[in-house]
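So the structure is just underneath, and the comments pick up after that.
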Amino acid sequence: MKKRVFSMLMVAAIMLTAFGVFGGAVAESTEPVELTIGAQNLGFDGKDYWPDEWFQHVEEVLNVKFTEWYQYDDDTFALALASGDQKDIMMTNDAQAVLTAGAAVPLDDYLEEYGQNILKYELRNELLRKYMSGGDGKLYFHTPNTGYEDATGAVEGWNGFLVRWDLYEQLGYPEMKSYDDYVEVLEDMVELYPTNENGEQTYAMGIWNDSGLWGWVQGQIANMGTTGVGDYNFVWDTKTNEMINHLVETDTSVSPWWQAITFYRELNKRGLFDPDSFAMTNDDLDEKYANNRYVGGICTWYVGELYTANREKDPDTLAGIMAVPYEGSSGWYGQNAIIGWNGKNLYVSTSCAEEKIPAAVSFVDYLDSDDGNRTHYSGIQGKYWDYGDDGVPALLDAAYEAKAAGGDTLGATGINQYGNFIGSSAFGMAEDGYYYDLGLYNLGKGLTPLQQAFADHYGVSYPGELRYKMEQEGKGYSQKVSLHTTIGALVNDVPDEISTITSRVQEMMIRWLQPLITCEDDAEFEAQQQQFIEEVKAAGLDTAFEWYNTQWTTLRDEIQAIIDAEAATAETETEAPADAAETEAADAAETEAADAAETEAADAAETEAAE
């Protein structure tokens, strides 16, 4: 009954929101406040269904209208900072540049009236004020996906050894324990499917270039339990919380860079690597996946067009790509993102007109609200989720149907489409006592035919459970002990000298990709490898490593101390009720003893008087 009452209160809250009660939103009697959004690192789709249901809900709740979404590249973003001509709400991966330009509005004066949900994230705000304020201790940024990611993971993982499932099935699901095994499987799949339906040659995979080095190294970085640091010059071990100078460390079991180069080089030697990779864009990659040109990949986020295109012809097809975890590999999940995801710094810009700042802050605040998070992760209440007769919230069939359909059908709902914006992780707890993402209670429902086939083969209820089971058995890892997201978000004030070094080295890494990968002679490759190492060291790599290693390890120790202090406080608070009960019992016993003594004394006095 309590939860059903809560449901009614939520509906009332949303109604009140329209009248300006929630988070300082503008009253319904006024015209919607027009807002614009710009970002360096968040792609905006030109889908027919835009704006999706989540954003329509946001506009209705806050009485705002988003009139423009603009995607910046590094150059146009720098120009916007220099000219002062920004969108009202901005997202950046370069917080220091924003602070240096004085381009963000301090949120502090608006929080009491318009930011009550923001204020709930006390530890996140404390760290942002300390490390991302330029030293003035003010709150300028909002970071997304703050909080713990449960070790059970998502419906499916995005990293591992990616295989086209129908071909992998035909091969008899060969076990893959290493990148050497993976190469063999990729070659066997290409032999099964050498050309697509149009007679075009197929390849194991191709790489795109408009994400810099991300496409070239992120697969290996994730699989090996690391994360990129300083323009990918270095990596941070998410299992040990230590820095690795992976450009000069040539052991492929330690260095993601050299593992990537060695892997692509072997594919290239066998004619399995798309030669267009050195000039290809993300759009080119999408087109090739849609045309069945690849049988593998490095990240499932970028292979979906293959399955989407094939499902249009056959809804039950298994011609899609899945990530198979291998023993000893790491999963990209399970972290405690104390201040959210790195490089997704949202702020209200100084270009925002003063009269619109309250509406802009209210939007940021809404991202931290119960309604904002639950609607983002589970959809519109009453349509995609609702409370049952027992008061327990659960997804409705419409949500599972949308998830199973995927593609534009799911995209139009807005469900789980804005992880780079939303305030809490999916495992954040709403006031009703349940996760924001209600799908987490039944990850095996609403699977696509491809996901179901994967789960059936491995004997799990959902694909992500395979990696979770491997972790429980000591055969794999997650990021549950890593502090990389928090540390990386807080290292912002990088000296120009160090930035110059890492940028120069990154350019060298990009320039050396093709010579290293296309080199077929082993002796020549070793000579090139040594020349590359000498060049990056001459560019100052060791100096940059020393700076980053010092910064990251210092922050690691400081943040760990804060975490330990928080844990100790929580433990004390947990013990407090027991202590209070114990004190109360002692007080009661003392009172009882005093009463007994008083009664005994009165009886004695009465007896004495009678005598």
Side-chain angles (χ1 to χ4, degrees), residues 156-171 173-174 176 179-211 213-220 222-223 259-314 317-326 406-407 448 450-451 453-454 463 513-514 517-518:
E156 66 172 271
W158 64 262
N159 67 296
F161 290 153
L162 274 63
V163 295
R164 183 168 144 172
W165 192 253
D166 60 329
L167 302 176
Y168 189 58
E169 181 183 51
Q170 290 181 49
L171 293 175
Y173 312 104
M176 296 176 287
Y179 273 90
D180 290 339
D181 292 342
Y182 184 36
V183 170
E184 296 296 333
V185 169
L186 289 169
E187 185 170 44
D188 290 344
M189 287 194 294
V190 170
E191 288 180 3
L192 282 177
Y193 188 76
T195 59
N196 68 2
E197 288 74 5
N198 298 323
E200 297 171 302
Q201 181 178 351
T202 60
Y203 296 98
M205 65 184 66
I207 305 296
W208 70 103
N209 296 273
D210 40 358
S211 298
L213 285 167
W214 200 101
W216 290 98
V217 298
Q218 187 59 36
Q220 290 74 21
N223 287 345
Q259 178 64 84
I261 295 296
T262 302
F263 171 62
Y264 299 131
R265 179 170 175 252
E266 185 60 31
L267 291 180
N268 187 70
K269 287 165 64 175
R270 301 189 187 203
L272 301 173
F273 192 61
D274 187 348
D276 291 343
S277 293
F278 302 106
M280 196 159 55
T281 67
N282 195 3
D283 288 341
D284 297 331
L285 186 84
D286 286 346
E287 183 178 354
K288 292 196 175 188
Y289 272 114
N291 289 324
N292 287 304
R293 298 292 302 278
Y294 300 136
V295 300
I298 62 99
C299 171
T300 59
W301 301 340
Y302 296 92
V303 304
E305 292 298 327
L306 185 149
Y307 187 50
T308 298
N310 288 328
R311 277 195 91 183
E312 290 176 355
K313 304 171 187 174
D314 175 11
T317 185
L318 299 183
I321 292 179
M322 294 294 290
V324 179
Y326 61 96
T448 66
L450 176 63
Q451 292 169 332
F454 181 99
L513 282 168
Q514 187 165 4
I517 290 171
T518 59

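Heavy-atom basis, side chains included; hydrogens, waters and symmetry copies ignored.
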For Gly271 and Gln201, which heavy atoms make the closest approach, and how far apart are they?
O-NE2, 4.0 Å
Any donor-acceptor pair under 3.5 Å linking the side chain of Asn310 with the backbone of Leu306?
yes
Any residue meeting ring-ring contact (aromatic ring centres under 6.0 Å, His included) with Tyr307, in chain and number order, not counting sequence neighbours:
none
First locate atom CD1 of Ile321, then atom CD of Glu305, and finally report the distance between them rounded to the nearest 0.5 Å.
11.5 Å
N/O donor-acceptor pair under 3.5 Å between Tyr203 side chain and Val190 backbone:
no
Atom CE of Met189 and atom CZ of Arg164: how far apart are they, to the nearest 0.5 Å?
9.5 Å
Tell me, with the steps shown, if Leu513 and Leu213 meet side chain to side chain contact (heavy atoms under 4.5 Å, CB included).
CA-CA 10 Å; Leu513 282 168; Leu213 285 167; 4.1 Å; yes
Donor-acceptor pair between Tyr193 and Asp166 side chains, under 3.5 angstrom
no
Verify, without hydrogens or angle tests, whether Asp274 (side chain) and Asp276 (backbone) share a donor-acceptor contact under 3.5 angstrom.
yes
Closest non-hydrogen atoms of Ala290 and Ala309, given as atom of the first, atom of the second and distance, are O-CB, 3.5 Å
Tightest non-hydrogen contact, residues Val185 and Pro174, listed as CG2-CG, 3.7 Å
For the residue pair Tyr294 and Tyr289, does the interplanar ring angle fall in the parallel (under 30°), tilted (30 to 60°) or perpendicular (over 60°) class?
perpendicular
Just how far is it from atom CG of Asn159 to atom CD of Gln218, taken to the nearest 0.5 Å?
8.5 Å
Run through Leu267, Asp181, Leu167 and flag the one making a side chain to side chain contact (heavy atoms under 4.5 Å, CB included) with Leu186.
Leu267
As an exercise, state the distance from CD of Glu187 to CD of Glu266, rounded to the nearest 0.5 Å.
8.5 Å
Mind checking whether Tyr182 and Tyr326 have ring centres under 6.0 Å apart?
no
Short side-chain to backbone donor-acceptor contact, Tyr264 and Trp216, under 3.5 Å:
yes
Indicate the ring-plane relationship of Trp165 and Tyr173, choosing parallel, tilted or perpendicular according to the 30° and 60° boundaries.
tilted
Shortest non-hydrogen contact from Asn268 toward Ile517:
ND2-O, 3.7 Å
Taking Asn198 for its side chain and Glu200 for its backbone only, find out whether a donor-acceptor pair lies under 3.5 Å.
no
Side-chain (Asn209) to main-chain (Thr281) donor-acceptor, under 3.5 angstrom
no
Met205 side chain reached by Leu162 side chain, heavy atoms, under 4.5 Å:
no
What distance do Leu171 atom CG and Glu184 atom CD have between them, rounded to the nearest 0.5 Å?
11.5 Å
For the residue pair Pro275 and Phe278, what are the closest heavy atoms and their distance?
O-CD1, 3.7 Å
So do Asn292 and Thr202 actually touch side chain to side chain, heavy atoms under 4.5 Å?
no
Walk me through it: do Phe263 and Val183 pass the test side chain to side chain contact (heavy atoms under 4.5 Å, CB included)?
CA-CA 8 Å; Phe263 171 62; Val183 170; 3.7 Å; yes
Gly206 to Ser277 - nearest heavy-atom pair and separation
CA-OG, 3.3 Å
Is it the case that atom CD in Glu287 sees more than 12 heavy atoms from other parts of the structure closer than 6.0 Å?
no
To the nearest 0.5 Å, how far apart are CD1 in Ile207 and CG in Leu285?
7.5 Å
Keeping Arg265 on the side-chain end and Thr518 on the backbone end, is there a donor-acceptor pair under 3.5 Å?
no
Test ring pair (Phe, Tyr, Trp, His ring centres under 6.0 Å) on Trp158 and Tyr302; report intermediate values, then the result.
CA-CA 10 Å; Trp158 64 262; Tyr302 296 92; 8.9 Å; no
Decide yes or no on side chain to side chain contact (heavy atoms under 4.5 Å, CB included) for Tyr179 and Gln220, but give the supporting numbers first.
CA-CA 10 Å; Tyr179 273 90; Gln220 290 74 21; 3.5 Å; yes
Within a strict 4.5 Å, meaning less than it, do heavy atoms of the Asn223 and Gln259 side chains meet?
no
